[in-house]
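Just so we're on the same page: letters track the sequence lines, and every chain starts at 1.
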Number of protein chains: 4
Amino acid sequence: MNTDSKHEVRVRPLRERLREETARAILVAAEEVFADKGLHDARVEEIAARAGVSVGTVYNHFEDREALLADLVESRRKELALRLDQALADHQPFETQLRSFALTVFEHFESHRAFLSILLQSDVGQPTDAMREIRARIDVLVRRGLSRKALRSDFAPLLPSMFTGALKAILMHDLRNPGELEVPERAEAAIDFFLNGAGA
Amino acid sequence: MNTDSKHEVRVRPLRERLREETARAILVAAEEVFADKGLHDARVEEIAARAGVSVGTVYNHFEDREALLADLVESRRKELALRLDQALADHQPFETQLRSFALTVFEHFESHRAFLSILLQSDVGQPTDAMREIRARIDVLVRRGLSRKALRSDFAPLLPSMFTGALKAILMHDLRNPGELEVPERAEAAIDFFLNGAGA
Amino acid sequence: MNTDSKHEVRVRPLRERLREETARAILVAAEEVFADKGLHDARVEEIAARAGVSVGTVYNHFEDREALLADLVESRRKELALRLDQALADHQPFETQLRSFALTVFEHFESHRAFLSILLQSDVGQPTDAMREIRARIDVLVRRGLSRKALRSDFAPLLPSMFTGALKAILMHDLRNPGELEVPERAEAAIDFFLNGAGA
Amino acid sequence: MNTDSKHEVRVRPLRERLREETARAILVAAEEVFADKGLHDARVEEIAARAGVSVGTVYNHFEDREALLADLVESRRKELALRLDQALADHQPFETQLRSFALTVFEHFESHRAFLSILLQSDVGQPTDAMREIRARIDVLVRRGLSRKALRSDFAPLLPSMFTGALKAILMHDLRNPGELEVPERAEAAIDFFLNGAGA
DNA sequence: GATGAATGAGGCTTCATTCAT
DNA sequence: AATGAATGAAGCCTCATTCAT
């Protein structure tokens, strides 16, 4: 018993680590396939293949296809939400927070481009939890801008959508012209556009 | 003889008109179902049912499901493209053209709201012909703005995405807050944001 | 009434002739399409189109697809049976009858190549009435050959199949090498092979 | 380590053997159903049922219905071609080779009677690869007969069709009178007829 | 746990046939 | 009687999910 528990203390973590490793590999594969093939045409078998496991293994780790997608979105969301919270945490000048926020989004996009294009797809229909949570943070940001008189109050209810629109504009441009702009330049452009517009 | 030719003039168009009527009904039903259920989950059988015809009839009018969707998109695209061209036709001041363009987009969106929100999904993955053609008109518009020094030249390559982003921002806001803004107000907001930004 | 019947005497035949003409046109078209596309892949709509009528008209003249095929086979069969009976009618020497029979088959094949390839298709599965009737005539011919000691009695039960086989051999060769042999040469070859074999 | 490699040697083949067994069962079922119902009326669902598997399983093993048929034909063809090649391999007198060839055909027909009678149908329209390959072997056989002066040179181009016709004649007879002739008798009759004809 | 073959509900599509004009 | 659009049963095929090894 004692031996057993000792044994468990040592062995479990290993197994768990392996187990988690497999799950992570599946999520990575899923992210790729969902992004490549689209939310619908991504086939479980291809995800398994790209993860180097069998279909059965996918189902050993995730309830079903939907749960896999949900977990994927959730894990990426958590990561992004965490970073966005950090960006919002410091008591910086509003514009700095804005830039920091955009930067975070673009960085996350850089490493999870695939994931974000998934999010953008689902964004239109019924908003996902992920999108909602990001929007909540944008709301916070925008309210700060308003209270600091850094944003136009006549646009108040539109501001979250506008900021999202500004970010998306740059993301879209980037999707179609990969590598044209460095990440910081993207953030800069988005903020400049959001605050000052494109009029001469 | 005379009767015959008269006959043809009358009878042919009748059947043709009925035929076209059926096709139109199917397209309308398809628009509804595609919008309700999504690009993927729309079932041909439901489209037929909602059009009040049998499945077979759908296939008498459209090669297959994909062709039906393509035709649907195409018909909406043609309609929008025509109106956008009209908006671009007059030699109005740039800002008027801009407003007119936005107005057209929002009006079109108003009458095909559900379906267009579906199309926006596919915009992310591979852009449709429809989206491409609209973008071409945006390019024209933007070039005019640049040549009239009405738009910031430092944003030149980004301007089409930015204008699209501004329109989408308002569309998104409208999707989530239906009826909050009248169509002309939407156009006004989009243009104001696009040209001047949201900074105070 | 009298007028009517007079009228009918004149008008009916015209109508009937037209009616028959249409039916004939459909049968000709059917023969072509059945032969081109095969017994199964021949589509009623294509038959109608090739006959220059609408689908509905086909169904005004024939109960259904199966009846159309049956009528087609029947009409060609009647024609062939008639001619074969003529070939068997004269009290000619056996070999002359044989040659005449073969000649008739090849001539019929020449004008209804399509039809016969239909027959050959159905021959294997369940023999059609048409094939059965032709075989009946071959049986007659063979019995004559046996009673005149012109055919080997040790082959007696096999002779009908052998004669058919000899005819088919030449038909097959002709299908693959169209125009290589004139019709009389074909008959000659078939008879020579049937009677004398291919051994040196 | 050793265990591992041993393991692989044992386990892999097991699954593979089961997999092949399933494929074979489907092919056997397909042969039956295609023969029973005809090339067209054979339903994939019935094939699956008769193989004791689900439809999906059929599609796990064969691309589609057409591929299943092709595989079936191919497997029967390979078998026959192999045996025909053996029959042609020995440097026997021509007539022995001929008899051996015919024997092989009839034996093969005996074990795949139903299916082959289906194949004969398609022989008329567009010849299958299978038929072509068999014909190629008949060509070889016939050329040998010619060079050994065992076959009539005036029939040269017709000989392959004639030999085929002689075989088919007996096959047809056999289809209509099952069990009347033993396999060797069939071969004997076919050869006798082919070489000497049916004339007294 | 991992494997991957088996499953079968459910979708798309075809085409002979009907029927209102 | 001709027309051809409408019908819908029936077939093929896909792919998420299960389960025996």
Side-chain angles (χ1 to χ4, degrees), chain A residues 15 18-19 22 40-49 52-68, chain B residues 11-12 14-16 18-23 26 40-48 51-68, chain C residues 15 18-19 22 40-49 52-68, chain D residues 11-12 14-16 18-23 26 40-48 51-68:
Chain A
R15 281 202 181 158
L18 286 177
R19 186 172 169 74
T22 304
H40 168 65
D41 290 331
R43 290 165 57 248
V44 174
E45 204 175 324
E46 185 174 350
I47 292 174
V53 299
S54 68
V55 232
T57 299
V58 172
Y59 282 86
N60 284 338
H61 287 265
F62 302 90
E63 181 67 24
D64 56 20
R65 188 183 184 280
E66 198 180 358
L68 169 57
Chain B
V11 170
R12 273 285 173 72
L14 172 63
R15 270 214 172 157
E16 268 174 33
L18 285 176
R19 192 178 162 74
E20 271 176 31
E21 208 43 64
T22 304
I26 293 171
H40 170 65
D41 291 330
R43 312 270 156 250
V44 173
E45 222 176 324
E46 186 176 349
I47 292 174
V53 299
S54 69
V55 226
T57 298
V58 172
Y59 285 89
N60 283 341
H61 288 266
F62 303 91
E63 182 69 23
D64 56 19
R65 188 185 181 282
E66 197 182 359
L68 169 58
Chain C
R15 282 199 181 159
L18 287 176
R19 188 173 166 73
T22 305
H40 168 65
D41 290 331
R43 290 166 58 248
V44 174
E45 204 174 325
E46 185 174 351
I47 293 173
V53 300
S54 68
V55 234
T57 298
V58 172
Y59 281 87
N60 285 338
H61 287 264
F62 302 90
E63 181 66 23
D64 57 20
R65 188 184 183 279
E66 197 181 358
L68 169 58
Chain D
V11 169
R12 271 285 174 73
L14 172 62
R15 270 214 172 160
E16 267 173 33
L18 286 176
R19 192 178 162 73
E20 271 175 31
E21 210 41 65
T22 304
I26 293 171
H40 169 65
D41 291 331
R43 312 269 155 252
V44 173
E45 223 176 324
E46 186 176 349
I47 293 174
V53 300
S54 68
V55 223
T57 299
V58 173
Y59 286 90
N60 283 341
H61 289 266
F62 303 91
E63 181 71 23
D64 54 21
R65 189 185 181 281
E66 197 181 357
L68 169 58

Quick one: is [X] getting a side-chain N or O under 4.0 Å of the [N] phosphate, OP1 or OP2?
X       : N     : result
C/Ser54 : F/dT3 : yes
C/Thr57 : F/dT3 : yes
B/Thr22 : F/dA6 : yes

Heavy-atom pair of closest approach, residues [X] and [Y]:
X       : Y       : value
D/Arg43 : D/His40 : NH1-O, 3.7 Å
B/Val58 : B/Ala48 : CG2-CB, 3.7 Å
D/Ile47 : D/Ile26 : CG2-O, 4.0 Å
A/His61 : A/Thr22 : NE2-CG2, 3.5 Å
B/Tyr59 : B/Asp64 : CE2-CA, 3.7 Å

Between [atom2] of [N] and [atom1] of [X], the distance in whole Å:
X       : N      : atom1 : atom2 : result
D/Glu20 : E/dG4  : CD    : C1'   : 16 Å
A/Tyr59 : F/dA20 : OH    : C1'   : 18 Å
C/Glu66 : E/dT17 : CD    : C1'   : 14 Å
B/Glu63 : E/dC12 : CD    : C1'   : 13 Å
B/Arg43 : E/dT13 : CZ    : P     : 12 Å
D/Asp41 : F/dG11 : CG    : C1'   : 11 Å
C/Glu45 : F/dA6  : CD    : P     : 13 Å
D/Arg19 : E/dT7  : CZ    : P     : 13 Å

Options F/dT17, F/dC13, E/dT13, nucleotide nearest the side-chain atoms of B/Asp64 =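 Of all the options, the side chain of B/Asp64 is nearest to E/dT13.
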Assert: residue with more 5' nearest nucleotide on DNA chain E, out of B/Val55 and D/His61, is D/His61
Between D/Val53 and C/Arg65, just flag the one whose closest nucleotide in DNA chain E comes earlier from the 5' side.
-> D/Val53
Once you apply the 3.5 Å cut-off to both distances, tell me the Watson-Crick or G-U wobble partner of F/dA1, or none.
->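 For F/dA1, the partner nucleotide comes out as none, under the 3.5 Å rule.
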Who is the Watson-Crick or G-U wobble partner of E/dC12, with both distances under 3.5 Å?
->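 Looking at the geometry, E/dC12 pairs with F/dG11.
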Quick one: label A/Ala67 by what it contacts on the DNA or RNA (base, sugar-phosphate, nothing), any heavy atom closer than 4.0 Å.
-> nothing
Between A/Ala42 and D/Leu18, which has a closest nucleotide on DNA chain F that is more 5'?
->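 Of the two residues, A/Ala42 wins.
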When the nearest nucleotide of DNA chain F is assigned to C/Val58 and to D/His40 on a heavy-atom basis, which residue is associated with the more 5' position?
->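 Of the two residues, C/Val58 wins.
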Donor-acceptor pair present, D/Asn60 side chain and E/dA5 base, under 3.5 Å | no
